[in-house]
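Just so you know, these numbers use all the heavy atoms, side chains as well, and skip hydrogens, waters and symmetry mates. Lettering of chains follows the sequences in order, A, B, ..., and the numbering in each one begins at 1.
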Protein chains: 2
Amino acid sequence: MSTHSVVTAIKVIEAVSELQPIGLSDLARHLDASKATTLRTLTTLAEMRWLQQGGPTGTDWLLTSHAYAVGVRGGAMGTLREAALGPMHQLQLESTETIHLAIPDGEVLILAERIDTPHALRAFLALGSRIPLHASGTGLAFLSACSDAEIETALSRTLDPVTTQTLTNPAKILAEITAIRNRGYSINVGGLSDGITSLGAPIRSLNGRPIGSVSISGPSSRITPDRFGAMGALVQETALRIGSQYPDL
Amino acid sequence: MSTHSVVTAIKVIEAVSELQPIGLSDLARHLDASKATTLRTLTTLAEMRWLQQGGPTGTDWLLTSHAYAVGVRGGAMGTLREAALGPMHQLQLESTETIHLAIPDGEVLILAERIDTPHALRAFLALGSRIPLHASGTGLAFLSACSDAEIETALSRTLDPVTTQTLTNPAKILAEITAIRNRGYSINVGGLSDGITSLGAPIRSLNGRPIGSVSISGPSSRITPDRFGAMGALVQETALRIGSQYPDL
DNA sequence: AACCGCTGGTTCACACAGTAAACCAATGAG
DNA sequence: CTCATTGGTTTACTGTGTGAACCAGCGGTT
């Protein structure tokens, strides 16, 4: 087996990130690599302060906060979030609900920023969560700004349902996308988590390419159909404001 | 020069994170490595979806959102933030100001989470920001929970002033630390950014070790000395609640 | 034009870094 | 007391990553 050491290193980081706390043998097995290799990679990564030992047993491996600090600054992550914060705050005040900013990573969106509602009952999604394109307000909004070819490849993947109300039929999703394009914003009732409704709009860079999306999320009891129009207009406007500040991909 | 390839890979990631957008030659010069090595590292990292080309010139290198997604989950970053969110929200409601959660990374703290105030005038600090221990409410609070030896090594470093009001004299900082220990919370008026006052308290794990700190931050015009007592008690209580949920380092 | 200093990217032979298999010591379950 | 784990170490070999030298393209200056 010929592997670049840096490839294994990255795999180690990602595996630890996902499975932590995790022990050496477990990790080596999961990576299908020898323990010696795995351990040496672990120790060098520890020297670089990306990993550390700890956890229940004291010998398990964990990701450090250094990894976080490095990741947050960053391309779209840094500049787009910076540009988005102001408009997102304003949208939070206007809607009084939770505001999400999502950014694409491969075939999913990643929750990049969240402005919380003061309400006790609220939608909750951890930062960094991977959000499937077909199952969320942000995702559907993002798709609606993609080219037909991109949409097709996105929908050609297996579309796992997240809740009982998740759209999984490509044809229905396509219909929904054209609806979104006409309407200007997406509507997702319980598709990502039960009882949560969200309205989303795509953020376009100055050249028109989709670079993320914003959404308003809250309990379906508060975000009722009669408020869709007003709230949808707000998200749409917010997405426009953010995109207009953002120069390019 | 003999270097591990994974070490250079990590250095590349960190350099790109810090300097992006950045070109090949620039990067190689900054890393003191050959362009060949640098480029191959860049391309493998791009294959792993951690980096991508783009930016103004189209050939500059950027960090992807994938790096962020990997970093956020993670050790202290994940579990502690999860445990802290509830109490932080409550503290936000009680104080009506911005709440910060900071976690140690080497010799600084990293801003891990932020709950914003609805006020238009508010303190702002980007997630992932590196916060010097001696110049912030969170930092001083964290120091106050460290052992004397740890404090000494921390204060033996060069203490750069951030504002004109930053404490840089080790003796004065030590005095402040004992004051914090008696008082139960830290007070920082304009030490990190002008016009911002913050009150912080250390978060201790069940075994008593400091693992982070929380703070209330806002304009000095709103966080006035007559409110220090009440607000300080709130932060302190919040830090205790968070720590009591958190098992161990 | 020719020259310059730069850029991103490529090629190649050699050394050394990274690999896997075998091996230890310690722990916990049966 | 076995047996199967665990984390960690040692080894000799091999193939990966290394840096120097090399292209080609670009924008100014002369």
Side-chain angles (χ1 to χ4, degrees), chain A residues 1-64 67 74-75 247-249, chain B residues 1-64 67 74-75 247-249:
Chain A
M1 182 75 75
S2 66
T3 37
H4 303 224
S5 61
V6 1
V7 170
T8 54
I10 295 293
K11 283 183 183 168
V12 164
I13 294 177
E14 296 183 350
V16 170
S17 162
E18 194 174 354
L19 305 169
Q20 70 181 176
I22 188 172
L24 170 64
S25 299
D26 247 2
L27 190 58
R29 207 174 305 125
H30 185 265
L31 294 174
D32 201 22
S34 74
K35 283 195 295 180
T37 304
T38 308
L39 182 61
R40 201 166 33 76
T41 310
L42 284 170
T43 51
T44 50
L45 286 174
E47 281 168 17
M48 303 304 284
R49 305 214 329 235
W50 279 61
L51 302 180
Q52 79 188 86
Q53 272 185 303
T57 72
T59 59
D60 282 348
W61 294 86
L62 306 167
L63 209 61
T64 66
D248 211 352
L249 181 71
Chain B
M1 184 71 77
S2 65
T3 37
H4 304 224
S5 63
V6 0
V7 170
T8 54
I10 295 292
K11 284 183 182 169
V12 164
I13 294 177
E14 296 183 350
V16 170
S17 162
E18 193 174 354
L19 305 169
Q20 67 178 270
I22 187 173
L24 170 62
S25 300
D26 248 1
L27 190 57
R29 207 173 305 127
H30 185 264
L31 294 174
D32 202 21
S34 74
K35 283 193 296 179
T37 304
T38 306
L39 181 61
R40 202 166 32 74
T41 309
L42 284 169
T43 50
T44 49
L45 286 173
E47 280 168 18
M48 304 303 285
R49 305 214 331 237
W50 278 62
L51 302 180
Q52 78 188 83
Q53 273 185 302
T57 72
T59 60
D60 283 347
W61 294 86
L62 306 166
L63 209 60
T64 65
D248 210 354
L249 181 69

Which heavy-atom pair separates B/Leu62 from B/Gln20 by the least distance, and what is that distance?
CD2-OE1, 3.8 Å

Phosphate oxygens OP1/OP2 of C/dA21: is one of them under 4.0 Å from a side-chain N or O of A/Ser34?
no

Between A/Leu39 and A/Trp61, is there a side-chain heavy-atom distance shorter than 4.5 Å?
yes

C/dT19, D/dG19, D/dG17: which one has an atom nearest the side-chain heavy atoms of A/Arg40?
C/dT19

Establish, with yes or no, whether the OP1 or OP2 oxygen of C/dA20 is under 4.0 angstrom from a side-chain nitrogen or oxygen of A/Thr37.
yes

Between D/dT9 atom C1' and A/Leu42 atom CG, what is the distance in whole Å?
15 Å

So, is B/Ser5 close to the C/dG18 phosphate, meaning a side-chain N or O under 4.0 Å from OP1 or OP2?
yes

Tabulated below should be each protein N or O lying under 3.5 Å from an N or O of nucleotides 6-15 of chain C; please produce it.
residue: C/dT7; atom: OP1; partner: B/Arg29; partner atom: NH2; Å: 2.9
residue: C/dT7; atom: OP2; partner: B/Arg29; partner atom: NH2; Å: 3.3
residue: C/dG8; atom: OP1; partner: B/Leu24; partner atom: N; Å: 3.0
residue: C/dG8; atom: OP2; partner: B/Ser25; partner atom: N; Å: 2.7
residue: C/dG8; atom: OP2; partner: B/Ser25; partner atom: OG; Å: 2.4
residue: C/dG8; atom: N7; partner: B/Lys35; partner atom: NZ; Å: 3.2
residue: C/dG8; atom: O6; partner: B/Lys35; partner atom: NZ; Å: 3.3
residue: C/dG9; atom: O6; partner: B/Lys35; partner atom: NZ; Å: 3.1

Using the side-chain contact (heavy atoms from CB on, under 4.5 Å) rule, pick out the option among B/Ile10, B/Val6, B/Val12, B/Leu27 that qualifies with B/Thr41.
B/Val12

Would you mind reading off the distance between A/His4 atom NE2 and C/dC16 atom P, rounded to a whole angstrom?
21 Å

Flag, side chain of A/Gln53 to backbone of A/Thr59, donor-acceptor distance under 3.5 Å
yes

One should read off an interatomic distance between B/Leu63 CG and B/Glu14 CD, to the nearest 0.5 angstrom, of 10.5 Å

Are the side chains of A/Leu51 and A/Leu42 in touch, meaning some heavy atoms are under 4.5 Å apart?
yes

Does a nitrogen or oxygen in the side chain of A/Thr38 sit under 4.0 Å from OP1 or OP2 of C/dT19?
no

What's the CD1-C1' distance between B/Ile10 and D/dG17, to the nearest Å?
16 Å

